[in-house]
Amino acid sequence: MKFKFVVIFLVILSSFGFAQQKKSKGDVLFFEYSYNQAIIEYQKELRETKLSNTQYLNLADSYMKVGNYKKASDIYVDVFQKDTTMSKYHFNKMLQALAKTSEVGKVKAYLATKEDKLPQELIENATFNYELIATNSDEELDFEIFNISGNSPQSDFSPTFYKGSLLFSSDRPDGSKKVYGPSGESYLNIYESKIDLQGNVKDPRPFKGIADTKFHRATPFYSEELNNVFYVLSNSDGENLEFSDKGKNALSIGMATSQGSFKFILRDPDTSFYYPFYEAATGRLFFAADFGDGYGGTDIYYVYTNDGLIMSAPTNLGPRINTPGNEIAPFIFENSLYFSSDIFYGLGGMDIYKSTIQADDTYSIPINLGPGINSEKDDFGFIIKNNDTNGLLGYFSSNRNGGKGGDDIYGFNVKEKPGLKTLALKGKVVNLTSNNGVSKAQVRLIDKDGKLVKEVFANENGDYSIEIPFQNQITIEATKKRHSIFSVTYQDNDLEGIQEKAFNMGIKFLDDLVEEQEDQTVIKLKKFYFGKGQSTITSEIAQELDKVVDVMGRFPQLQLRVESHTDSRGGSSSNFTLSQKRSDAIKKYLLQKGVPAGSILYSIGYGEEKLVNGCKNGVFCLDMLHKKNERSLIVVLNYNLLY
C-alpha cells in the first residue's frame with residue numbers, strides 16, 4: 001500500500017489534462033486503483049472503439065500493477081514505436097516491464113535509442129549497476145533479515161528511530177481512522193513501538209506525540225537534535241479535506257515540536273510532499289516531490305531551514321540521484337545518502353540505493369544494495385544507526401513474498417554497512433608546476449593483473465570522478481600527452497581510506513621543464529658554476545641536477561647528452577680536459593641518483609670551442625661576460641622525435 005500512497009498523487013498529477021476529458025468506466029476504475037477491473041473494462045472498450053494514448057498507457061500501467069509484465073511491456077513498446085516522444089516516466093516503465101520479463105538485452109537496446117536525449121549520468125548509473133550486480137551476483141549476505149513482530153495484515157512502512165522506540169506508518173484499522181475511500185483501506189496513521197535488545201519491534205500503539213487528525217499522518221522522521229518530529233499529513237481544515245482549484249487534495253510536510261506546537265514546513269495545494277528527512281549538520285530538510293519539471297516522477301529535493309522556516313528554494317539533487325522513475329525516502333548516515341528508486345536497472349519495483357556524499361556536496365554513482373536488502377518487489381524506507389550491542393541496527397520496508405501484510409517492516413543487525421562495495425574516487429589532476437587543473441587528463445584504474453578496468457577524462461578544470469566494483473588491489477594512474485604519469489598502487493584497507501576525501505594527483509607538463517638554448521632543447525635549470533678549475537659537484541650544483549633526476553623519473557623515455565663548456569681563460573687543452581671532467585662528474589651524479597645509464601647517451605666537454613660571445617683569446621672582457629661562456633647543459637636529444 002505504501003507505494004500506492006506515493007503514486008496516487010503522481011497518477012493524478014501526470015494525468016491532470018486527461019482528467020478534464022470525459023472518463024470511461026475503465027478510467028474510473030483505474031483512478032480508484034481497481035486495476036484488475038480496469039483491465040477488464042479497458043479490454044472491452046478496446047474491442048468496441050479505439051483507446052486514447054493515455055488510456056492505452058493506463059492499461060499498461062494496470063498490467064504492471066497486477067504483475068502481468070509481458071502484456072505491460074507489449075503495450076509500452078507498441079506506444080513507444082508509434083511515438084518515441086513517450087514521457088520519461090513511461091519510458092522507464094517500459095524498461096522496467098522489459099527487465100521483468102528477463103529481456104535485459106532489449107532494455108539496453110531501447111535505452112541506446114534515447115541515449116543522446118537522456119542525462120549522461122543515467123547511462124553511467126545503469127551501466128555501472130548492471131556491472132556491479134553481475135560482478136556480485138553470487139555474494140551472500142552475512143547477516144540475517146527478520147520480519148518484526150509488530151507488523152500487521154495491512155501495510156506497515158517508513159520506520160524512523162524515535163528515542164528508544166521506532167515510529168512507522170500503517171493503514172491498519174484502529175477505530176481512530178476512517179476508511180480511505182479510493183483504496184478501501186484506513187487513512188494512514190503513525191505508530192510507536194519499543195525496540196528490544198535484539199532489534200525486534202512489538203505491540204505498536206498509535207503515536208501520541210503529534211496532533212490527531214481524521215486523515216493521513218505518515219512517513220515520520222524524528223530529529224534528535226531538534227527533538228521535533230517531521231511528518232506528512234493531508235491538507236485539511238481539521239474536519240474536512242481541502243482541495244485546490246484543480247480539485248486536488250495534496251499532502252504537506254509539518255513539524256511537531258516537543259512542546260506540542262505544530263507548524264507547516266512545506267505546503268502547496270497542488271503539490272504533494274513525501275518522506276521528510278532533516279540533516280541537523282546543515283539545517284537541510286530533504287523530501288520527495290513531483291514539481292512537474294524534474295527528471296521523472298518524484299524526485300528528491302532539499303530546502304534550507306531555520307527553526308522550521310524555509311530559507312531557500314527547493315534544490316533538486318540532480319541527475320546523478322534522480323531518474324525518469326520515482327525517487328523517495330532519503331536518509332543520510334555516515335556520509336552516505338540512502339534512498340529508494342523504481343528505475344529500470346534495479347532488482348525489482350523499488351530498490352534501495354546508496355550514494356557517497358562527496359567533498360563538494362555532489363554524489364557518487366548510486367549503487368544497488370543488492371539481493372537480500374532488495375528483492376523482486378518494492379523495498380524502501382531504509383534507516384540505520386550505530387547500536388552499542390550489535391554493531392549496526394537497521395530497518396526497511398518491503399512487500400516481498402512471505403510477509404504478513406501489504407508492506408512489512410524488516411530489521412537487521414550487522415557489523416558493517418550493507419551494500420555491494422565499490423571503489424569511488426573523486427578529485428583533481430593538477431599541474432605540479434602551476435598548481436592549475438590539467439584539462440582532459442586521463443585517469444585510469446588498473447587491476448592486479450595489469451588490465452585496464454576503467455578510464456575517464458577530467459573536465460576542463462581537471463576535476464574527475466571514477467567508480468568501479470571494489471577490488472582488493474588497484475593501481476591509479478593519471479596522465480596526458482606531453483605530461484608525466486602519476487601512478488600509485490593501493491591494497492585492501494588503504495583503498496577504504498582514500499575514498500574518504502578528495503584524491504588529487506599531480507603531474508608535470510614537459511614543456512614547463514624544458515627550454516630552447518643554443519638551438520637545442522635542454523632541461524630547464526638555474527645556471528650553476530663549478531669551483532675555479534674544479535669538477536666537484538657542490539650542494540648548489542646537486543640541487544639543480546636533482547631536477548634532472550625528477551624529470552627523468554617522470555619522463556624515462558627521454559635521451560640526454562651532458563655537455564660542459566669553459567670560457568677562454570687558460571689554455572685550450574686544459575679547458576677541454578676540465579670541461580670533460582665536469583660533464584663526466586654530472587653524468588656520474590645522475591647515474592648514482594638512479595637515472596638509467598642508457599638514458600645518457602653522451603657526456604661531452606667542449607672546452608672553449610663554442611663560445612656564446614666574442615670573449616675569445618686575446619680579447620679583453622669583463623668577468624661577467626666570461627662567465628656566460630662557462631656553462632653546463634642537459635640536452636634532450638629525442639624531443640622532436642617524441643613530440
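The shown structure was predicted, so the numbers you read here are calculated from the model rather than taken from an experiment.
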Step-by-step side chain to side chain donor-acceptor pair (under 3.5 Å) determination, D379 to S398 = CA-CA 4 Å; D379 307 285; S398 179; 2.6 Å; yes
Passes side chain to side chain contact (heavy atoms under 4.5 Å, CB included), Y302 versus F277? Steps please.
-> CA-CA 9 Å; Y302 68 79; F277 172 83; over 6 Å; no
Could you walk me through whether L392 and F412 pass the side chain to side chain contact (heavy atoms under 4.5 Å, CB included) check?
-> CA-CA 8 Å; L392 295 167; F412 59 88; 5.8 Å; no
Check the pair F287 / Y301 against side chain to side chain contact (heavy atoms under 4.5 Å, CB included), numbers first and verdict last.
-> CA-CA 6 Å; F287 60 92; Y301 295 80; 3.5 Å; yes
Derivation of the side chain to side chain contact (heavy atoms under 4.5 Å, CB included) call for I328 and Y274 = CA-CA 7 Å; I328 60 169; Y274 314 98; 5.5 Å; no
Side chain to side chain donor-acceptor pair (under 3.5 Å) between T521 and E516, intermediate numbers included | CA-CA 5 Å; T521 302; E516 290 297 311; 2.5 Å; yes
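Note: Y338 and F382 have parallel aromatic rings, judged against thresholds of 30 and 60 degrees for the angle between ring planes. Using cut-offs of 30° and 60° on the angle between ring planes, the pair H90 and Y76 is tilted. Y275 and F380 have perpendicular rings, their planes meeting at more than 60° on a 0 to 90° scale where under 30° would count as parallel. Taking the six-membered ring for Trp and thresholds of 30 and 60 degrees, Y130 and F344 have ring planes inclined between 30 and 60 degrees apart.
Here the side chain of D351 pairs a donor or acceptor atom with the backbone of L347 at under 3.5 angstrom. N461 places no side-chain N or O within 3.5 Å of a backbone atom of D463 that could act as its donor or acceptor partner. No side-chain donor-acceptor contact under 3.5 Å links T475 to the backbone of T489. One N or O on the side chain of D447 and one on the backbone of D449 form a donor-acceptor pair closer than 3.5 Å. Proximity of a side-chain donor or acceptor of N326 to a complementary backbone N or O of D342 within less than 3.5 Å is not detected. A donor-acceptor pair is defined here as one N or O able to donate and one able to accept, closer than 3.5 Å; no such pair exists between the side chain of E279 and the backbone of R284. No donor-acceptor pair closer than 3.5 Å links the side chain of E225 to the backbone N or O of A280. Side-chain N or O atoms of T298 include one that pairs as donor or acceptor with a backbone N or O of E327 at under 3.5 Å. Checked by atom type and distance alone, the side chain of N374 never pairs as donor or acceptor with a backbone atom of Y353 at under 3.5 Å. Looking only at distances, a side-chain donor or acceptor of N322 sits under 3.5 Å from a matching main-chain atom of I300.
A pairwise comparison of heavy atoms in Y69 and A97 identifies O-CB, 3.9 Å as the closest pair. Taking all atoms of both residues into account, the shortest heavy-atom contact from L95 to V107 is O-CG2, 3.6 Å. Across V443 and I466, no two heavy atoms sit closer than the pair O-CD1, 4.0 Å. Nearest heavy-atom pair, A126 versus L111, reported as atom, atom and distance to 0.1 Å: CB-CD2, 4.2 Å. In plain terms, the two heavy atoms of D546 and Y589 that are nearest each other are OD1-OH, 2.7 Å. Heavy-atom minimum distance, M311 versus T305: CG-C, 3.8 Å.
Residue E376 places its CD atom among 12 or fewer non-hydrogen atoms of other residues, nucleotides or ligands, all under 6.0 Å distant. For E224, the CD atom counts as loosely surrounded, since its 6.0 Å shell holds 12 or fewer non-hydrogen atoms of other residues, nucleotides or ligands. Dense packing is recorded around NZ of K454, with more than 12 heavy atoms of other residues, nucleotides or ligands lying under 6.0 Å away. Other residues, nucleotides and ligands contribute at most 12 non-hydrogen atoms within 6.0 Å of the NZ atom of K117. The neighbour count for N493 CG, taken as heavy atoms of other residues, nucleotides or ligands under 6.0 Å away, does not exceed 12. At most 12 heavy atoms of other shown residues, nucleotides or ligands fall within 6.0 angstrom of atom CD in Q543.
Side-chain polar atoms of E460 and S439 form a donor-acceptor pair below 3.5 angstrom.
Contact of the I634 side chain with the I586 side chain is registered, since non-hydrogen atoms from C-beta on lie closer than 4.5 Å. With contacts defined as side-chain heavy-atom distances shorter than 4.5 Å, the pair L510/L642 does not qualify.
Interatomic distance, CG of L641 versus CG of L558, reported as 11.5 Å (0.5 Å rounding). In this structure, N386 CG and K417 NZ are separated by 9.5 Å, a value rounded to the nearest 0.5 Å. In this structure, the separation between CG on N387 and NZ on K415 is 9.0 Å, given to the nearest 0.5 Å. Remark: N436 CG to K428 NZ distance equals 8.5 Å, nearest 0.5 Å. To the nearest 0.5 Å, atom CD of residue Q520 and atom CZ of residue R561 are 5.0 Å apart. Once rounded to the nearest 0.5 Å, the distance linking CD1 of I600 with CG of L590 reads 4.5 Å.
Annotation: salt bridge (charged side-chain N to carboxylate O under 4.0 Å, His left out) contacts involving residues 468-487, sequence neighbours excluded, comprise R444-E477, R482-D511. Within the structure, the salt bridge (charged side-chain N to carboxylate O under 4.0 Å, His left out) test picks out no pair touching residues 634-643 (sequence neighbours left out).
For E124 and R320, the salt-bridge test passes: some basic side-chain N is under 4.0 Å from an acidic carboxylate O.
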